[in-house]
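Down below is the structure, laid out as structure tokens.
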Amino acid sequence: MEEETTSAFNDTYMNLDEFHRDSAGYFDMKSLVPEMTKSEPCCMGIDEAGRGPVLGPMVYSTSYCPLSQDQKLKDLGFADSKTLNEEEREELFKAINENNNFLGWITRILSPNYISNEMLRRTKYNLNQISHDTAIWLIKSVIENGVDLQQVYVDTVGDPKKYQKKLEHEFPHLKITVKAKADALFPIVSAASICAKVARDRVIQTWKFIENMSFPTEYGSGYPADPATKKWLATIVDRIFGFPQFVRFSWSTCKEILDKQCAPVEWDDDNEEETAKDLKGTASITSFFGKSNNKAEIKPHQFFQERCLEPVTFF
């Protein structure tokens with residue numbers, strides 16, 4: 001049944017099979033580049049879907065087209081994807097691809113596991129930084145695809161003035177506009193919004209739990225404040241392994257549940273100098289974190305690979 005559901009949401013424009021085979025990181029998709037966009041000045045819009053939920057991915061998309069096609073873009077009837085129902089979004093996504101002689105798009109799916117790992121890494125990397133860097137990647141990707149890019153419109157993340165200055169510093173040759181609610185102001189951003197929301201909807205509806213467990217499907221809206229979502233998280237959490245990869249475990253809602261319901265873990269913080277004095281002639285603990293000379297290494301379990309955990313080699 002799961003395979004049938006997945007295929008029902010795959011088409012020639014957006015196929016998620018590869019993402020579902022490895023949903024631990026990020027995944028990129030794009031349309032063919034319209035020839036017209038390589039020879040005429042173009043604009044692009046950037047928007048995201050799924051920034052706030054504790055469940056599922058955050059998706060960033062861009063749509064781009066020649067400036068000369070502005071009226072055609074308006075005639076297609078783009079609007080902020082949040083004001084449309086699923087059927088309307090699917091129809092508009094279909095329209096984008098049927099007009100691929102002048103409209104192109106690129107999408108990056110950032111999995112819940114990727115988002116959480118990035119936010120909790122040793123060097124602070126928050127959601128705003130992730131968003132900004134993804135937008136920068138989208139602009140670079142459009143340029144690298146040979147598009148004659150002149151104008152960029154972005155739905156803001158954080159302070160629009162600071163964000164715009166950051167992008168202008170990165171791309172001084174482009175005319176950049178960063179606005180709140182840009183998806184409702186500029187049709188090209190609305191088109192990007194459609195691509196992002198359709199991709200996220202499809203990922204959610206076809207999600208495959210690699211944990212090989214059957215989880216309840218009634219998880220509410222996926223937002224942290226939703227009582228149904230909180231109840232689902234408290235119900236499915238594992239006392240040892242925590243949450244499945246569908247969950248952004250870096251969210252404070254998850255941390256509270258982990259603290260209350262999971263086995264406690266204590267990390268000893270030994271003073272290395274005192275340890276060295278007490279254990280003369282004993283190798284430093286840091287020496288145990290070296291690479292093994294043993295070429296016949298056993299491939300670690302998938303659980304450890306997905307969480308970027310490496311085995312410690314003892315001598």
Which residues pass the side chain to side chain contact (heavy atoms under 4.5 Å, CB included) test with [X], sequence neighbours left out?
X	value
Glu88	Leu84, Asn85
Pro66	Met36, Thr37, Glu40, Cys42, Ser68, Gln69, Phe102
Ala135	Ile46, Tyr163

Could you work out, with side chain to side chain donor-acceptor pair (under 3.5 Å) as the rule, every residue matching [X], not counting sequence neighbours?
X	result
Ser111	none
Asp70	Lys74
Asp28	Arg108
Thr177	none

Keeping [X] on the side-chain end and [Y] on the backbone end, is there a donor-acceptor pair under 3.5 Å?
X	Y	result
Ser250	Leu120	no
Thr156	Ala180	no
Glu90	Glu87	no
Arg200	Ile109	no
Asp22	Glu18	no
Ser141	Trp137	yes
His132	Leu167	no
Asp155	Lys181	yes

Legend entry - Derivation of the side chain to side chain contact (heavy atoms under 4.5 Å, CB included) call for Tyr60 and Ile106: CA-CA 8 Å; Tyr60 256 82; Ile106 302 175; over 6 Å; no
Nearest atoms (heavy-atom pairs only) where [X] meets [Y]:
X	Y	answer
Met58	Leu127	CE-CD1, 3.9 Å
Leu103	Ser63	CD2-OG, 3.5 Å
Gly45	Thr62	O-OG1, 2.8 Å
Gly220	Ala228	CA-CB, 3.9 Å
Leu32	Pro34	O-CD, 3.3 Å
Ile240	Ala263	CD1-CB, 4.1 Å

So how far is it from [X] [atom1] to [Y] [atom2], rounded to the nearest 0.5 Å?
X	Y	atom1	atom2	answer
Tyr114	Ser23	OH	OG	15.0 Å
Tyr125	Ile130	OH	CD1	5.5 Å
Lys38	Asn145	NZ	CG	8.0 Å
Ser131	Glu48	OG	CD	6.5 Å
Ile188	Leu73	CD1	CG	5.0 Å
Arg248	Leu55	CZ	CG	8.0 Å

Please tell me if the side chains of [X] and [Y] come closer than 4.5 Å, counting only heavy atoms from C-beta onward.
X	Y	value
Cys195	Ile96	yes
Phe78	Asp183	no
Gln245	Glu211	yes

Among pairs that include at least one residue of [range], which meet salt bridge (charged side-chain N to carboxylate O under 4.0 Å, His left out), considering only residues two or more places apart or in two chains?
range	value
residues 157-168	none
residues 212-235	none
residues 120-141	Glu118-Arg121, Lys140-Glu170
residues 253-262	Lys255-Asp259

Inset, instruction - Tell me, yes or no, whether the heavy-atom count around Tyr26 atom OH, taken from other residues, nucleotides or ligands under 6.0 Å, exceeds 12. - result: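 No, OH of Tyr26 has 12 or fewer neighbouring heavy atoms, counting only those of other groups under 6.0 Å.
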Legend entry - Residue Leu67 excluded, over 12 heavy atoms near CG under 6.0 Å: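 Enclosed.
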Inset, instruction - Applying side-chain contact (heavy atoms from CB on, under 4.5 Å) between Arg202 and each of Glu86, Lys197, Met14, report the one that passes. - result: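 Testing Arg202 for a side-chain contact (heavy atoms from CB on, under 4.5 Å) against Glu86, Lys197, Met14 leaves exactly one candidate, Met14.
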Inset, instruction - Could you check whether the rings of Phe19 and Trp207 sit parallel, tilted or perpendicular, using 30° and 60° as the cut-offs? - result: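 Phe19 and Trp207: perpendicular rings.
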Legend entry - Whether Phe246 and Trp232 hold their rings parallel, tilted or perpendicular, with breakpoints at 30° and 60°: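 Phe246 and Trp232: perpendicular rings.
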Inset, instruction - Show your reasoning for whether side chain to side chain contact (heavy atoms under 4.5 Å, CB included) applies to Ile115 and Trp251. - result: CA-CA 10 Å; Ile115 293 170; Trp251 261 229; 3.9 Å; yes
Legend entry - Proximity of Tyr13 and Trp105 rings by center, below 6.0 Å: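 Ring centres of Trp105 and Tyr13 not closer than 6.0 Å.
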Legend entry - Hydrophobic cluster identity match, Ile204 and Tyr223, side-chain contacts under 4.5 Å: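 In one cluster with Ile204: Tyr223, no.
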Inset, instruction - Output every pair passing ring pair (Phe, Tyr, Trp, His ring centres under 6.0 Å) with a member in residues 171-204, not counting sequence neighbours, ordered by first then second residue. - result: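 Sorted result for residues 171-204: Tyr153-Phe186.
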